[in-house]
> 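Got a structure for you, written out below as C-alpha cells; questions coming shortly.
Read the numbers this way: they start at 1 and go in the same order the structure lists the ligands and their atoms.
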Amino acid sequence: MSDDAVAAADHFRAIGYTRAPDGLPLETFERPVPKPQPGELLVHVVSSSLNPLDYKLAELNFLGRTPPVALGFDFAGIVIARGDAVTTFDIGDAVFGMVPSNRDGAWASGGTGGYALVPECLVTSKPDGFSFVEAGALGVCYLSAYLALADTLDAGATVYIPGGGGGVGHLAIQLAKALGAKRIISSAGNVRSRALALSSGADHVFDYRRDDIEGKIDRLTQAQGVDLVFDATYSEDSFVATSKLVRPGGRWVVLGVGPGKTSRRAETESPVAGILAAKDAQLVNVNLLRYFSDSVPLDAKTKTLLSGAIRDAAATAEAGVVRPHLSEIIPSEVGAINAALAEMRAGRKSVGKIAIVVDKERAR
Ligand SMILES: NC(=O)c1ccc[n+]([C@@H]2O[C@H](COP(=O)([O-])OP(=O)(O)OC[C@H]3O[C@@H](n4cnc5c(N)ncnc54)[C@H](OP(=O)(O)O)[C@@H]3O)[C@@H](O)[C@H]2O)c1
C-alpha cells in the first residue's frame with residue numbers, strides 16, 4: 001500500500017465516555033488526530049472489538065483518566081505515521097494489536113476509520129490469512145490468554161479453562177491445544193457458549209449452572225485434580241470452586257486483580273490463596289492492565305515482554321491454530337456500541353467476540 005493510501009485527517013469523532021464515573025452510555029466527541037512520539041506508531045484503524053474493559057472503564061474510570069476518554073483497546077489497521085526510533089514497521093503495513101488502556105482507544109464514528117497511537121511493543125503484523133475484522137478482535141483477549149498460558153502450560157498437561165465460550169476463554173482453549181495440552185476441560189453457562197468451547201478444542205465441556213463439575217473432574221483425573229486452571233471468569237464463586245480443582249503442586253492462573261477483588265468497588269476476603277497454599281499450588285496473576293495503570297513510561301523489560309508476547313501470538317495465529325470466533329460484527333456507531341455493551345454488561349452478550357467495523361471500505 002502506498003504512503004498516501006490512507007490520508008490522515010486533522011480531526012475525527014471518537015467514541016467514549018465524557019464524564020466520570022458512570023460514563024455510560026457512551027458519547028461521541030471531536031479529537032485531533034495525534035502525532036506519534038519516539039517509539040510510537042499512528043495507525044489508521046480499520047476494525048476493533050468489544051471487551052468488558054470498555055464498560056468497566058466507562059463506569060468506574062478506575063485508571064483515573066480525565067474525560068473525555070476514547071474507548072476500544074483492540075485494533076487492526078494500517079500504519080500511517082511513525083515516530084523516531086521505530087524500527088519494525090513501515091508506512092502502509094497492515095498491523096494489529098492493543099492500545100494501552102491508559103491511552104485513547106480505537107473507536108471512531110462515521111465509518112471512515114479512526115486513529116490510534118500505539119507504542120511499537122504493542123503492535124505486530126496482521127497475519128496474512130486474517131481479515132482486518134478478525135485481527136481486530138485479537139488484541140486484549142489473545143494477549144491475555146497468551147500471557148496466561150505460554151509460560152505456565154507444560155506439554156501433556158490436563159487443563160481446566162472455565163468460561164470457554166468467552167472472548168478470552170475460547171482463544172485460551174485453542175492456544176492450550178497448540179501448546180500441547182493433553183486434555184482440555186471447560187465449562188460454560190449456555191448452549192452456544194458450550195458449543196464454542198467444544199469447537200475451540202475442549203475435550204469435555206460442562207454446564208457450570210447444572211453440572212457437578214468437581215465430581216466430574218475428580219472422575220476424569222482419578223481424584224488427582226488438573227495440572228493447570230486458567231480462570232478468566234472474573235467470578236469469585238468460580239475462583240473458589242476452580243482453585244479446589246488444581247492438583248497438589250499445580251498452577252492456578254487468573255486475570256486481573258484476582259481473588260477477593262473481582263469488583264473494583266469492593267474488596268472481600270477470599271479463601272483462594274489459602275486453598276492453593278494448602279496444596280503447594282502456584283497462584284499466577286496475569287494483569288495486563290497493570291502495565292498501563294499509571295503514566296510512567298513502560299520500562300525496557302516490560303516492552304520486551306509485551307512485544308515478544310504479541311509477536312508470538314501473531315505467529316500462532318499465522319500458523320492457523322488460533323482464530324477468533326466473531327458472533328457479531330457491528331458498525332462503529334455509538335448507538336450500536338452502547339447496545340452491545342449493555343448486553344455484555346448484563347451477561348447476555350453473544351459468545352466469542354463482537355467485532356467492530358471502524359472503516360467500512362477497508363474492512364471489506
Ligand atoms: N486485567 C486483565 O488483564 C484482563 C484482561 C482481559 C480480560 N479481563 C477480564 O476477564 C474477564 C473475561 O473477559 P472476556 O473478554 O473473556 O469476557 P466475556 O467474553 O464476557 O466472557 C466471560 C465468560 O465467563 C463465563 N462465565 C462466567 N461465570 C462463569 C462460571 N462461574 N463458570 C464458567 N464460566 C463462567 C461466561 O459464560 P456464559 O456466558 O456461558 O455464562 C462468559 O462466556 C472479564 O471480566 C474481563 O474484564 C481482564
Side-chain angles (χ1 to χ4, degrees), residues 49-60 62-63 71 73-74 98 100-102 137-149 160-175 185-198 200 202 204-211 213-214 216-217 229-245 253-259 261-264 284-293 306 309 313 324-328 340-355:
S49 81
L50 227 56
N51 286 292
L53 172 63
D54 296 301
Y55 76 75
K56 291 179 185 177
L57 264 184
E59 265 188 331
L60 302 173
F62 59 81
L63 294 175
L71 291 173
F73 300 102
D74 292 335
M98 173 189 168
S101 45
N102 57 357
L138 282 173
V140 173
C141 283
Y142 194 30
L143 208 46
S144 300
Y146 186 88
L147 289 170
L149 295 178
Y160 177 44
I161 302 176
V168 174
H170 84 292
L171 294 172
I173 290 174
Q174 296 177 42
L175 185 59
I185 306 165
S186 185
S187 60
N190 65 57
V191 179
R192 284 179 313 140
S193 314
R194 291 202 296 281
L196 179 57
L198 209 55
S200 297
H204 308 271
V205 181
F206 302 122
D207 179 343
Y208 69 82
R209 297 203 172 104
R210 291 165 190 236
D211 290 331
I213 294 180
E214 191 171 347
K216 286 181 183 286
I217 289 187
V229 168
F230 173 33
D231 191 333
T233 64
Y234 241 82
S235 148
E236 181 65 23
D237 285 350
S238 177
F239 291 169
V240 175
T242 64
S243 59
K244 293 178 182 161
L245 304 175
V253 187
V254 69
L255 278 187
V257 276
K261 299 172 203 154
T262 51
S263 157
R264 286 176 188 266
V284 181
N285 191 328
V286 175
N287 188 359
L288 193 51
L289 303 191
R290 79 168 193 272
Y291 302 118
F292 315 113
S293 55
L306 292 173
H325 174 83
L326 308 181
S327 56
E328 275 185 73
L341 278 181
E343 291 291 296
M344 178 181 253
R345 188 172 168 278
R348 290 190 301 263
K349 91 158 182 52
S350 315
V351 297
K353 294 293 296 175
I354 297 178

> Show the atoms of ligand 1 that are less than 4.0 angstrom away from any heavy atom in Gly189.
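Going through ligand 1 atom by atom, the ones under 4.0 Å from Gly189 are 38 (P), 40 (O), 41 (O).
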> Could you check whether any side-chain heavy atom of Phe62 comes within less than 4.5 Å of a side-chain heavy atom of Leu289, counting everything from C-beta outward?
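Yes - at least one pair of side-chain heavy atoms lies under 4.5 Å apart.
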> With heavy atoms under 4.0 Å as the rule, classify the contact between Ala241 and ligand 1 as side chain, backbone, both or neither.
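Neither; nothing of Ala241 gets under 4.0 Å from ligand 1.
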> Does the side chain of Ser187 pick up a donor-acceptor pair with the side chain of Tyr160 at under 3.5 Å?
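Side chains of Ser187 and Tyr160: pair found under 3.5 Å.
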> Supply the atom-to-atom distance Glu236 CD to Lys261 NZ, rounded to the nearest 0.5 angstrom.
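Output value for this atom pair is 10.5 Å.
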> Parallel, tilted or perpendicular: which describes the rings of Tyr142 and Tyr146, with under 30° parallel and over 60° perpendicular?
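Answer is perpendicular, since the angle exceeds 60°.
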> With heavy-atom distances below 4.0 Å as the criterion, list the atoms of ligand 1 near Gly256.
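Contacts of ligand 1 toward Gly256, numbered from 1: 1 (N), 2 (C).
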> Hey, is Asp237 one of the residues with a heavy atom under 4.0 angstrom from ligand 1?
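Judged by the 4.0 Å heavy-atom criterion, Asp237 does not count as contacting ligand 1.
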> Crowded around Arg348 CZ? As in, over 12 foreign heavy atoms under 6.0 Å?
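Correct, the count exceeds 12.
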> With heavy-atom distances below 4.0 Å as the criterion, list the atoms of ligand 1 near Gly165.
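Selected atoms, number and element: 43 (O).
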> For ligand 1, is any non-hydrogen atom under 4.0 Å from Lys56's backbone (N, CA, C, O), its side chain (CB onward), both, or neither?
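Answer for Lys56: side chain.
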> Which atoms of ligand 1 have any heavy atom of Asn287 under 4.0 Å away?
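Within the 4.0 Å cut-off of Asn287, ligand 1 contributes 1 (N), 2 (C), 3 (O).
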> Tell me if a side-chain donor or acceptor on Ser193 pairs with a main-chain N or O of Gly189 at a distance below 3.5 Å.
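No; judged by distance alone, with no hydrogens or angles, the pair does not exist.
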> Can you name the atoms of ligand 1, numbered from 1 with element, that are less than 4.0 Å from a heavy atom of Cys141?
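Result: 15 (O).
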> Which atoms of ligand 1 sit under 4.0 Å from any heavy atom of Leu255?
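Per the distance check, 5 (C), 6 (C), 7 (C), 8 (N), 10 (O).
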> If the cut-off is 4.0 Å to any non-hydrogen atom of Arg209, which atoms of ligand 1 fall inside it?
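Listed by number with element: 41 (O).
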> Does only the side chain of Arg192 get under 4.0 Å from ligand 1, or the backbone, or both, or neither? Count heavy atoms.
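Near ligand 1, Arg192 shows nothing, with every heavy atom at 4.0 Å or more.
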> Under 4.5 Å between any side-chain heavy atoms of Pro324 and Leu171, yes or no?
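Yes; the side chains approach each other to less than 4.5 Å.
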> Taking only heavy atoms of Leu289 into account, list the atoms of ligand 1 that are under 4.0 Å away from them.
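So the atoms of ligand 1 that pass are 1 (N), 3 (O).
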